[in-house]
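What follows is a single structure, written as structure tokens, with notes after it.
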Amino acid sequence: MTAILGCIADDLTGATDLAGRLVAHGMRTVQAIGVPHDADPWPDGTEAVVVALKSRTLPAEEAVRQSLAAFEWLERAGCRQFYFKYCSTFDSTPRGNIGPVTDALLEATGSPFTITCPAFPATGRTVYQGHLFVGSAPLNESGMQHHPLTPMTDANLVRVLQPQTTRTVGLIGHATVAAGAAAIARECRALQEVGVGIAVVDAIDDRDLSAIAAGCAEMQLMAGASGLAHGVADVWRARGLASGADVSARLPPVGGSRVVIAGSCSPATRRQVAVMRERHPSLQLDPMALAADESGAVASAVAWAEPHLADEPVLIYSTAEPDAVRAVQDALGAERSAALIERVLAAIARELVDAGVRQLIVAGGETAGAVTAALGVRLLRIGREIDPGVPWTVSIPTHPAGPPIALALKSGNFGAPAFFLDAWSRVQ
Ligand code: ADP
């Protein structure tokens with residue numbers, strides 16, 4: 001296998017989002033969940049590989065270790081350019097992990113300099129004068145200041161990143177970006193000469209991102225959210241080394257019955273559950289009942305689903321309103337209830353695949369991680385986006401070989417209200 005672009009993402013649904021963007025812009029892309037094994041089978045003509053880690057909130061040393069393991073594998077696979085993907089809200093703590101992982105990858109690639117740009121204008125994330133905005137709000141007033149794990153209390157990314165890295169952080173402002181690729185490349189050289197190691201780059205629309213990718217085309221390492229990926233893919237396509245969107249999005253046909261597993265309690269998923277419940281058989285799991293009899297709950301959910309599978313998609317969900325979630329967390333503990341529900345949803349998915357389900361939508365980042373692990377899925381061929389950020393994928397059987405399964409792994413807050421109804425028609 002010889003891929004061109006090697007990407008390292010710090011979480012699973014973010015990786016899928018990035019992979020979907022690359023495919024939409026013409027690169028045949030495979031996503032690996034965790035660092036691939038050397039003996040893994042690869043589809044011919046893979047042009048980009050996205051390795052999904054779960055490193056966003058790990059201790060920095062461990063995030064660096066995993067990122068370097070992914071990098072070494074990608075380098076062995078022939079990749080010539082590398083991309084470190086993090087969240088478009090720059091989710092990190094004062095210690096990392098965006099800075100430490102960028103530092104480690106700079107060292108590993110032997111690069112003296114890189115750029116970092118979380119802008120994703122399609123989802124309202126823009127960077128201006130180094131400040132990150134979510135819609136019209138600066139990052140620290142966007143709700144992200146209350147995030148339980150990575151509260152973002154400063155929108156100035158130069159200031160946020162500097163304490164995370166041993167290198168000097170600089171800024172490429174919008175005036176330079178608007179002047180185009182050549183001006184950006186010149187500014188990169190100028191900053192490097194004055195000792196800057198990482199430059200935050202402004203971008204307020206997709207044209208800016210295209211110019212950044214073109215201006216940094218010779219850079220071995222880039223860092224950013226998935227917004228910048230379209231520009232990177234466009235550069236490789238212009239060089240004649242990526243297939244083009246009509247080829248890149250093709251997935252092998254997968255038949256079989258259809259199930260939605262929802263473990264996200266995010267607003268978008270709550271709306272999607274409400275819409276599907278009106279139209280198809282739906283089963284809500286009660287976390288207290290799961291705590292009382294876990295295996296019994298799995299068996300009865302599977303027995304409930306089976307008679308419906310031949311006729312129509314079914315929905316199994318633990319999705320609940322915030323008050324109900326809090327009550328469960330108070331009764332069982334937050335970590336214990338989360339792990340219990342993830343385990344049960346994953347076990348149900350496993351048994352339903354044994355019963356013939358081959359098309360699965362999974363809502364929730366953690367839930368998707370638990371389900372893919374239970375199914376033994378480690379490699380995904382990436383297809384067309386259903387909604388921005390959520391492509392259909394088909395698993396590539398590894399050892400021990402299972403059947404190919406079509407999977408849509410949806411980050412909780414992604415997707416339109418009718419996502420669970422409309423997605424099926426886009427699977428091929
Ligand atoms: P999102 O992408 O929306 O963050 P995740 O799957 O990552 O979704 O996270 C949702 C978490 O909430 C999971 O750990 C899941 O097990 C847990 N959870 C799901 N339903 C409930 C519920 N009814 N009560 C408490 N916790 C829940």
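Each ligand, and each atom within it, is numbered from 1 in the order the structure gives. This chain uses plain numbering: 1 for the first residue, then up along the sequence.
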N/O donor-acceptor pairs under 3.5 Å from side chains in residues 266-274, not counting sequence neighbours:
| residue | atom | partner | partner atom | Å |
| --- | --- | --- | --- | --- |
| Ser266 | OG | Ser264 | OG | 3.4 |
| Thr269 | OG1 | Ser264 | OG | 3.1 |
| Thr269 | OG1 | Lys410 | NZ | 3.0 |
| Thr269 | OG1 | Gly412 | O | 2.6 |
| Arg270 | NE | Glu321 | OE1 | 3.2 |
| Arg270 | NE | Glu321 | OE2 | 3.2 |
| Arg270 | NH1 | Cys265 | O | 2.8 |
| Gln272 | OE1 | Lys410 | NZ | 3.0 |
| Gln272 | NE2 | Phe414 | O | 3.0 |
| Gln272 | NE2 | Gly415 | O | 3.0 |
| Gln272 | NE2 | Ala416 | O | 3.1 |

Worksheet item: If we ignore angles and hydrogens, is there a donor and acceptor under 3.5 Å between the side chains of Gln164 and Ser92?
Response: yes
Response to the item:
Between Arg358 and Val254 the two heavy atoms that sit nearest each other are O-CG1, 3.5 Å
Which pairs of nitrogen or oxygen atoms, taken one from ligand 1 and one from the protein, are under 3.5 angstrom apart?
| residue | atom | partner | partner atom | Å |
| --- | --- | --- | --- | --- |
| ligand 1 | 2 (O) | Gly365 | N | 2.9 |
| ligand 1 | 2 (O) | Gly412 | N | 2.9 |
| ligand 1 | 3 (O) | Ser264 | OG | 2.7 |
| ligand 1 | 3 (O) | Ser266 | OG | 2.5 |
| ligand 1 | 6 (O) | Glu366 | N | 3.4 |
| ligand 1 | 6 (O) | Thr367 | N | 3.0 |
| ligand 1 | 6 (O) | Thr367 | OG1 | 2.6 |
| ligand 1 | 7 (O) | Gly365 | N | 3.2 |
| ligand 1 | 7 (O) | Glu366 | N | 2.7 |
| ligand 1 | 14 (O) | Glu342 | OE2 | 2.5 |
| ligand 1 | 16 (O) | Ala338 | O | 3.0 |
| ligand 1 | 20 (N) | Ser318 | O | 3.3 |
| ligand 1 | 20 (N) | Ser318 | OG | 2.9 |
| ligand 1 | 23 (N) | Ser318 | O | 2.9 |

Discussion item. What I want to check is whether the side chains of Asp202 and His131 have a donor and an acceptor closer together than 3.5 Å.
Written reply: no
Worksheet item: Does Arg426 make a cation-pi contact with Trp392, if we ask for NZ or CZ under 6.0 Å from the ring centre and within 45° of the axis?
Response: no
Worksheet item: Does atom CD of Glu75 have more than 12 heavy-atom neighbours from other groups under 6.0 Å away?
Response: yes
